[in-house]
Undergrad: 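Take this structure first; my questions come after.
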Amino acid sequence: MKIDRITLRQIRLPLVHFFETSFGRTTERHIILVEAHADGVSGWGEVTAAEHPFYNEEWTESAWRILRDYAAPRVLGRDLDGPEAVYPLTAHIRGHNMAKGGLEAAVWDLAARIDGVPLWKKIGGGARREIPCGVSIGIQDSVDALLETIECELAAGYQRIKLKIKPGWDVDVLSRVRDRFPRIKLMADANSAYTLADADHLRQLDDFYLMMIEQPLAHDDIVDHAQLQTRLQMPICLDESIRSAHHAAQAIRLRACQILNIKLGRVGGFAEARRLHDVAQAAAIPVWCGGMLESGIGRAHNIALATLPNFVLPGDVSASCRYWQRDIVDPPVEITPHGTIQIRDTPGFGYALDRDFIASIAVRQETAS
Ligand code: OSB
Ligand code: MG
């Protein structure tokens, strides 16, 4: 497989509802789509970098530059044995996993299409025909608004509720949520809003029978999380801190987490996501698929990823309509009444692209060959 052309497009897509985390509020996404061409076929990837460097160091603008100036030139014109060859070609570009991962994912999709198989099969997945889904609910303007949102998502069928927390929006909020919904699967994600000095404060959350607390401490920390875990009953799940299978192995060895969130972009694509999955599986650490407010392309890639065997917990992979008035794929991603997404068997990531819509919301485009 020889990649003869790579097209980058940046699209603008307003969210149906703002999404607020401990690091800020998002109302509109600026997403880079990567189209990789070979043998007259093309595959698509999505860069999951946000609009600002607050979740990690990347943002739309840095990703564009990394892709155009560093990642794409290293992959273009190469005779690749397969999509596994992309990760090592860009590995010496330090960091910028989301930029590199968007290109890598496009080549996996391309390879699946060339073989005429669904992406989930190409990556070695297929452990399940439908994936269990949860929702991630951002910080709201009031607890009443939050309770109403939860009600709505449960009615739609979602299997678990994840709430974003931060100092000032944590113990009291979760207490009211638990009072109102005593039996739901519930978890909290702090996006690094606390330090080890908050351990006693965080211990109060143990009263609410949470499935887990996600990334309470610093984005680049493993050691303090291990300390914190000895003081909490609920399992810690790591997100931001884990950028490679090696990090996962270290976190597991130090007992810094009991669960792992895997995000395709954060770890630089499918090859590393699979390695991370395997490291966790060998250590009996369950994983689930995280989300980055992806459009239909990134969402479809997440669905494929979540068919690997150790993705046993509901992920942050939810229906298109939670995010977009109109998605860029056709049909939009939908959930079943029992809170799952069904796997599709069309070659590649499984959904058709709405190319006219993509063209209409594109703010820039560049092709390298
Ligand atoms: O920490 O999981 C996170 C969104 C943006 C940045 C970080 C995170 C999230 C989510 C949203 O939780 C998941 C989704 O619905 O896509
Ligand atoms: Mg998270």
Side-chain angles (χ1 to χ4, degrees), residues 13 15-31 46-60 63 97-98 101 131-140 149-150 153 156 158-166 169 186-194 210-221 225 235-243 251 257 259-267 287-303 305-306 313-324 327 332-333 335 339 341:
L13 212 49
L15 287 163
V16 179
H17 186 270
F18 68 81
F19 188 78
E20 186 171 325
T21 67
S22 60
F23 57 76
R25 186 178 278 199
T26 307
T27 54
E28 178 179 89
R29 296 293 332 279
H30 293 253
I31 300 172
E46 175 169 339
V47 176
T48 62
E51 292 63 46
H52 302 284
F54 301 154
Y55 166 82
N56 65 1
E57 78 285 356
E58 299 185 80
W59 79 103
T60 313
N97 288 350
M98 291 170 164
I131 62 155
C133 303
V135 286
S136 173
I137 303 179
I139 293 162
Q140 304 295 313
T149 306
I150 296 173
E153 304 294 12
Y158 288 104
Q159 298 186 10
R160 72 101 170 94
I161 301 290
K162 163 169 137 181
L163 301 183
K164 293 291 187 179
I165 57 167
K166 66 173 182 181
W169 183 269
L186 185 64
M187 60 174 288
D189 184 0
N191 289 109
S192 302
Y194 302 92
L210 302 183
M211 297 171 78
M212 68 195 91
I213 182 168
E214 184 179 347
Q215 197 73 33
L217 308 181
H219 71 97
D220 55 356
D221 169 81
H225 280 100
I236 290 177
C237 168
L238 291 177
D239 173 356
E240 281 91 327
S241 300
I242 307 299
R243 293 157 171 257
C257 63
I259 298 170
L260 283 166
N261 161 331
I262 301 184
K263 288 179 181 166
L264 212 41
R266 195 189 72 221
V267 305
V287 306
W288 53 276
C289 185
M292 289 297 293
L293 311 176
E294 289 91 346
S295 76
I297 295 177
R299 198 163 301 283
H301 283 94
N302 288 343
I303 295 165
L305 181 67
L313 296 169
D316 284 346
V317 186
S318 9
S320 299
C321 65
R322 289 195 66 239
Y323 308 86
W324 323 114
D327 204 339
V333 177
I335 69 152
I341 293 172

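Counting convention: from 1, in listed order, for ligands and their atoms alike.
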Undergrad: Would you mind checking which non-hydrogen protein atom is closest to atom 15 (O) of ligand 1, with the distance to 0.1 Å?
TA: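 Going atom by atom, the protein heavy atom closest to atom 15 (O) of ligand 1 ends up being Y323 OH, 2.5 Å.
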Undergrad: Heavy-atom distances under 4.0 Å decide this one: backbone, side chain, both or neither, for V135 against ligand 1?
TA: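 It is neither; nothing of V135 touches ligand 1.
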Undergrad: Hey, is ligand 1 close enough to K162 that some N/O pair sits below 3.5 Å?
TA: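 Yes - when backbone and side-chain N and O of K162 are compared with those of ligand 1, one distance drops under 3.5 Å.
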Undergrad: Is D239 in contact with ligand 1, taking contact as a heavy-atom separation below 4.0 Å?
TA: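 It does; at least one heavy atom falls under 4.0 Å.
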Undergrad: Considering the options N302, D239, L305, which one meets the side chain to side chain contact (heavy atoms under 4.5 Å, CB included) requirement together with K263?
TA: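 Single pass found, and it is D239.
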Undergrad: Out of curiosity, is Q215 lining ligand 1, as in a heavy atom under 4.0 Å away?
TA: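 No, that is not the case, since the closest heavy atom of the residue is not under 4.0 Å from the ligand.
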Undergrad: Which of the numbered atoms in ligand 1 are under 4.0 angstrom from any heavy atom belonging to E214?
TA: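 Here the atoms of ligand 1 in question are 2 (O).
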Undergrad: Report the nearest protein non-hydrogen atom to atom 12 (O) of ligand 1: residue, atom name, distance rounded to 0.1 Å.
TA: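 Looking at atom 12 (O) of ligand 1, the protein heavy atom closest to it is S136 OG, 2.9 Å.
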Undergrad: Tell me whether R322 has any N or O atom under 3.5 angstrom from an N or O of ligand 1.
TA: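 For ligand 1, there is no N or O atom that lies under 3.5 Å from one belonging to R322.
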Undergrad: Are R29 and W324 in a cation-pi setup, meaning NZ or CZ lies under 6.0 angstrom from the ring centre and within 45 degrees of the ring axis?
TA: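 Because its charged atom misses either the 6.0 Å distance or the 45° angle limit, R29 does not stack over W324.
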Undergrad: Judging by distance only, is a nitrogen or oxygen of D189 under 3.5 angstrom from one on ligand 1?
TA: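 In this structure, D189 places an N or O atom under 3.5 Å from an N or O of ligand 1.
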Undergrad: Ignoring water, what protein N, O or S atoms are under 2.8 Å from the Mg ion (ligand 2)?
TA: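 Near the Mg ion (ligand 2), the protein supplies D189 OD2, E214 OE2, D239 OD2.
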Undergrad: Any chance the side chains of Y323 and S318 put a donor and an acceptor closer than 3.5 Å?
TA: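 Looking only at side-chain atoms, S318 and Y323 do form a donor-acceptor pair, the distance falling under 3.5 Å.
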Undergrad: Sequence neighbours excluded, which residues qualify as salt bridge (charged side-chain N to carboxylate O under 4.0 Å, His left out) partners of E240?
TA: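 Listed in chain order: nothing, the list is empty.
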Undergrad: Would you check if the side chain of S22 reaches a backbone N or O of N191 as a donor-acceptor pair within less than 3.5 Å?
TA: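 Judged by distance alone, yes, a pair lies under 3.5 Å.
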Undergrad: To the nearest 0.5 Å, how far apart are CG in L186 and CE in M212?
TA: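 With rounding to 0.5 Å, CG (L186) is 10.5 Å from CE (M212).
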Undergrad: Can you tell me which residue and heavy atom of the protein come closest to atom 16 (O) of ligand 1, and the distance to 0.1 Å?
TA: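 Minimum-distance protein heavy atom for atom 16 (O) of ligand 1 reads L293 N, 2.9 Å.
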Undergrad: Whether K162 and E214 form a salt bridge (side-chain N of Lys/Arg under 4.0 Å from carboxylate O of Asp/Glu) is what I want to check.
TA: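 Looking at E214 and K162, the cut-off is met.
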Undergrad: Below 3.5 angstrom, do we get any N/O pair linking K164 and ligand 1?
TA: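 Yes, K164 has an N/O under 3.5 Å of an N/O on ligand 1.
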Undergrad: Side chains of R266 and N261 only: does a donor on one sit below 3.5 Å from an acceptor on the other?
TA: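 Yes, N261 and R266 have a side-chain donor paired with an acceptor closer than 3.5 Å.
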Undergrad: For F18, enumerate each residue passing the ring pair (Phe, Tyr, Trp, His ring centres under 6.0 Å) test, keeping only those at least two apart in sequence or located in another chain.
TA: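 Scan of F18 (ring pair (Phe, Tyr, Trp, His ring centres under 6.0 Å), adjacent residues dropped) gives none.
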Undergrad: Taking distance alone, with N or O pairs closer than 3.5 Å, would you say E240 contacts ligand 1?
TA: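 By distance alone, the answer is no.
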Undergrad: Under a 4.0 Å N-O cut-off, is there an ion pair linking E51 with R25?
TA: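 Here E51 does not pair with R25 in a salt bridge, since their nearest N and O are not under 4.0 Å apart.
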Undergrad: So, using ring pair (Phe, Tyr, Trp, His ring centres under 6.0 Å) as the criterion, who are the partners of H219 when residues are at least two apart?
TA: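 Result, ring pair (Phe, Tyr, Trp, His ring centres under 6.0 Å) vs H219: none returned.
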Undergrad: Out of F19, F54, Y55, indicate the one that has the non-hydrogen atom closest to atom 7 (C) of ligand 1.
TA: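 That would be Y55.
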Undergrad: Please determine if N191 has a nitrogen or oxygen closer than 3.5 Å to a nitrogen or oxygen of ligand 1.
TA: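 N/O-N/O distance below 3.5 Å exists for this pair.
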Undergrad: Indicate whether any N or O donor in one side chain lies under 3.5 Å from an N or O acceptor in the other, for T48 and E294.
TA: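 No pair is found: no donor N or O on one side chain lies under 3.5 Å from an acceptor on the other.
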Undergrad: If you measure from atom 2 (O) of ligand 1 to every heavy atom of K263, R299, E20, R266, which option wins on shortest distance?
TA: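 Of the listed residues, K263 has the closest heavy atom.
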Undergrad: For S318 and ligand 1, does the shortest N/O to N/O distance drop below 3.5 Å?
TA: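 No, since none of the N or O atoms of S318 sits under 3.5 Å from an N or O of ligand 1.
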Undergrad: Do the charged groups of R160 and D316 touch, with an N to O distance under 4.0 Å?
TA: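 Counted as a salt bridge, because a side-chain N and a carboxylate O are separated by less than 4.0 Å.
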Undergrad: Tell me, which protein residue and heavy-atom name are nearest atom 13 (C) of ligand 1, and how many Å apart are they?
TA: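 Going by distance alone, atom 13 (C) of ligand 1 is nearest to G291 O, 3.5 Å.
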Undergrad: Is the backbone of G101 close enough, under 3.5 Å, to the side chain of N97 for a donor and an acceptor to pair up by distance?
TA: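 Judged by distance alone, no pair lies under 3.5 Å.
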